[in-house]
> 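Structure below; questions to follow.
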Protein chains: 2
Amino acid sequence: MSTRTAPGPRERLLRAAQDLTYRHGMGVGVDAVLKEANVARRSLYEHFGGKDGLLAEVLRRSTDEDEARYRQTMNAAGQDPRDRLLAVFDELARVIDAPDFRGCRYLAADLALPDPAHPGHAVTRDYRDRVRRLLEHELVALGHPRPGHAAAQLLLLVDGLLAAGATRQGTDPAAATRELAEHVIDTRAPGVSR
Amino acid sequence: MSTRTAPGPRERLLRAAQDLTYRHGMGVGVDAVLKEANVARRSLYEHFGGKDGLLAEVLRRSTDEDEARYRQTMNAAGQDPRDRLLAVFDELARVIDAPDFRGCRYLAADLALPDPAHPGHAVTRDYRDRVRRLLEHELVALGHPRPGHAAAQLLLLVDGLLAAGATRQGTDPAAATRELAEHVIDTRAPGVSR
DNA sequence: CGACGAGTAGATCAACCGGTCGATATGGCG
DNA sequence: CGCCATATCGACCGGTTGATCTACTCGTCG
């Protein structure tokens with residue numbers, strides 16, 4: 001019963017789909033996923049009801065992994081909320097510098113799925129809210145005067161950084177982002193724009 | 001010879017593709033474009049060599065339009081570089097509030113085209129650079145100590161705002177962005193994070 | 001007039017799309 | 001052992017993809 005038993009078809013499907021959707025986008029064919037996972041066509045429909053169900057589950061699992069990564073990045077940075085927040089941006093700098101970085105999964109999913117009723121959208125919306133709360137929690141601990149507002153700003157910086165990283169502009173976007181993040185975090189008086 | 005002559009097949013193809021790719025993504029079928037444009041199949045291949053060529057040309061034409069829009073937004077704001085820069089963000093606030101806003105075309109294209117050799121990528125890269133130079137020019141006129149750096153930061157805010165607008169987070173992202181943009185523009189001493 | 005180029009209409013192609021279905025292998029239990 | 005439920009398999013479905021090709025129409029200009 002160990003977790004080291006050979007993963008079943010469901011698990012293999014999820015892993016293959018997670019990999020292929022990230023590398024080739026949401027448009028990957030079911031055939032490609034099945035081939036990569038070495039799973040029969042029918043099993044996909046038994047487990048997930050169809051391609052949409054598989055994609056939604058892939059997104060859901062990814063959000064859990066990524067949220068956990070945010071948490072452990074922050075925990076590794078110590079107890080000071082300021083350090084914990086900035087550690088997130090340092091980690092993102094590493095992420096976008098990875099040679100196989102292909103942009104934010106969730107933004108790509110939202111932009112690639114034209115149907116607003118697709119179950120994937122609910123997953124990405126929930127994910128963004130979880131991350132926002134994570135940031136807001138640290139800002140509250142820091143005694144920030146407008147934690148909700150600042151959290152929204154930090155999330156905006158995260159989105160911008162991931163977008164910039166995906167589109168590979170020459171100037172190092174991570175440093176510029178970190179600078180703005182520090183400003184957001186260190187703003188102690190509300191409404192002061194300069 | 002007036003521009004009011006009925007547009008030819010090439011023009012109709014571009015308009016239809018521009019509209020359909022924005023609404024349904026880069027994955028739209030050639031058939032759908034042909035039907036919308038009321039153009040024979042062969043004409044597409046005569047004029048653009050294939051779907052990729054059509055998409056690249058659609059992107060190129062869009063960048064020209066959008067760059068012109070940036071310019072006229074800034075010109076309408078007067079001569080003060082600060083006003084001209086902030087006008088861009090006010091305009092973006094309007095853009096993302098439009099009911100049919102579906103995210104940034106170019107970011108969507110970059111994320112949706114897995115092949116890094118696709119001609120569309122060169123177009124989006126060039127566009128981003130043109131906008132960056134546009135912003136940098138105003139920052140220079142403003143006497144900003146690090147115009148290149150600040151332009152990269154503003155571009156990052158633009159990307160973040162467009163991403164946030166596309167994913168519809170509850171809190172109004174435009175106001176938060178404008179606040180950060182003001183900070184970037186008004187930073188007069190280099191290296192000062194607060 | 002007649003030749004020409006651009007455009008249209010549509011058949012055809014191999015590849016692929018997402019989805020359905022009967023057959024089969026496997027494993028627990030009487 | 002025999003039996004059955006379940007999980008998995010892979011052939012098959014109709015439709016669509018992007019692309020190529022032939023045949024026809026039409027307006028223009030020499």
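Throughout, a chain's letter reflects where its sequence line sits, starting with A, and its residues are numbered from 1.
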> Quickly work out the B:His24 NE2 to D:dT17 P distance and round it to whole Å.
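For the pair B:His24 NE2 and D:dT17 P, the rounded distance is 12 Å.
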> Taking atom C1' of C:dG7 as reference, at what distance in whole Å does atom CG of B:Leu34 sit?
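Nearest whole value for this atom pair: 13 Å.
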> Tell me the interatomic distance from B:Lys51, atom NZ, to D:dT16, atom P, rounded to whole angstroms.
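Rounded to whole Å, this separation is 16 Å.
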> Could you check whether the rings of A:His183 and B:His183 sit parallel, tilted or perpendicular, using 30° and 60° as the cut-offs?
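Taking B:His183 first and then A:His183, their aromatic rings lie parallel (interplane angle under 30°).
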> With respect to the side chain of B:Tyr45, which nucleotide from C:dT8, D:dG10, D:dT20 is positioned closest?
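Nearest listed nucleotide: D:dT20.
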> Ignoring hydrogens and angles, answer whether the base of D:dG18 and the side-chain atoms of B:Arg41 contain a donor-acceptor pair closer than 3.5 Å.
yes
> Charged N to carboxylate O below 4.0 Å: is that the case for B:Arg60 and B:Asp64?
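So B:Arg60 pairs with B:Asp64 through a salt bridge.
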> In whole angstrom, give the distance that lies between atom CG of B:Asp52 and atom C1' of D:dA19.
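After rounding, the gap between these two atoms is 12 Å.
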> Hey, does the side chain of B:Tyr106 reach the backbone of B:Thr63 with a donor-acceptor pair shorter than 3.5 angstrom?
yes
> Rounded to the nearest 0.5 Å, how far apart are CG of A:Leu162 and OG1 of A:Thr167?
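Rounded to the nearest 0.5 Å, the CG-OG1 separation comes out at 10.5 Å.
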> A:Val39 has a side chain; which of D:dG18, C:dG7, D:dC9 sits nearest to it?
D:dC9
> Without decimals, in angstroms, what is the distance between B:Glu11 CD and C:dA6 P?
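To the nearest whole Å, that distance equals 18 Å.
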> Whole-Å distance between D:dC13 C1' and A:Asp31 CG?
13 Å
> Would you kindly give the CG-to-P distance between A:Asn38 and D:dA7, to the nearest whole Å?
20 Å
> Between D:dT8, D:dG18, C:dG18, which nucleotide gets closest to the side-chain atoms of A:Ser43?
D:dT8
> Pick base, sugar-phosphate or nothing for A:Val33, based on heavy-atom distances below 4.0 Å to the nucleic acid.
nothing
> From CD of A:Glu46 over to P of D:dG10, roughly how many Å is that when rounded to an integer?
15 Å
> Please tell me which of the listed nucleotides, C:dC21, C:dC16, D:dT22, lies nearest to the side chain of A:Arg42?
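When the side chain of A:Arg42 is considered, C:dC21 is the closest of C:dC21, C:dC16, D:dT22.
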> So, does B:His47 get its side chain near the phosphate of C:dA6, meaning an N or O under 4.0 Å from OP1 or OP2?
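No, B:His47 has no side-chain N/O under 4.0 Å of OP1/OP2 on C:dA6.
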> Is a donor on one side and an acceptor on the other found under 3.5 Å between the side chain of A:Lys51 and the backbone of A:Tyr45?
no
> Picking from C:dG7, D:dA23, D:dC9, which would you name as closest to the side chain of A:Arg12?
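Nearest to the side chain of A:Arg12 among the choices is D:dC9.
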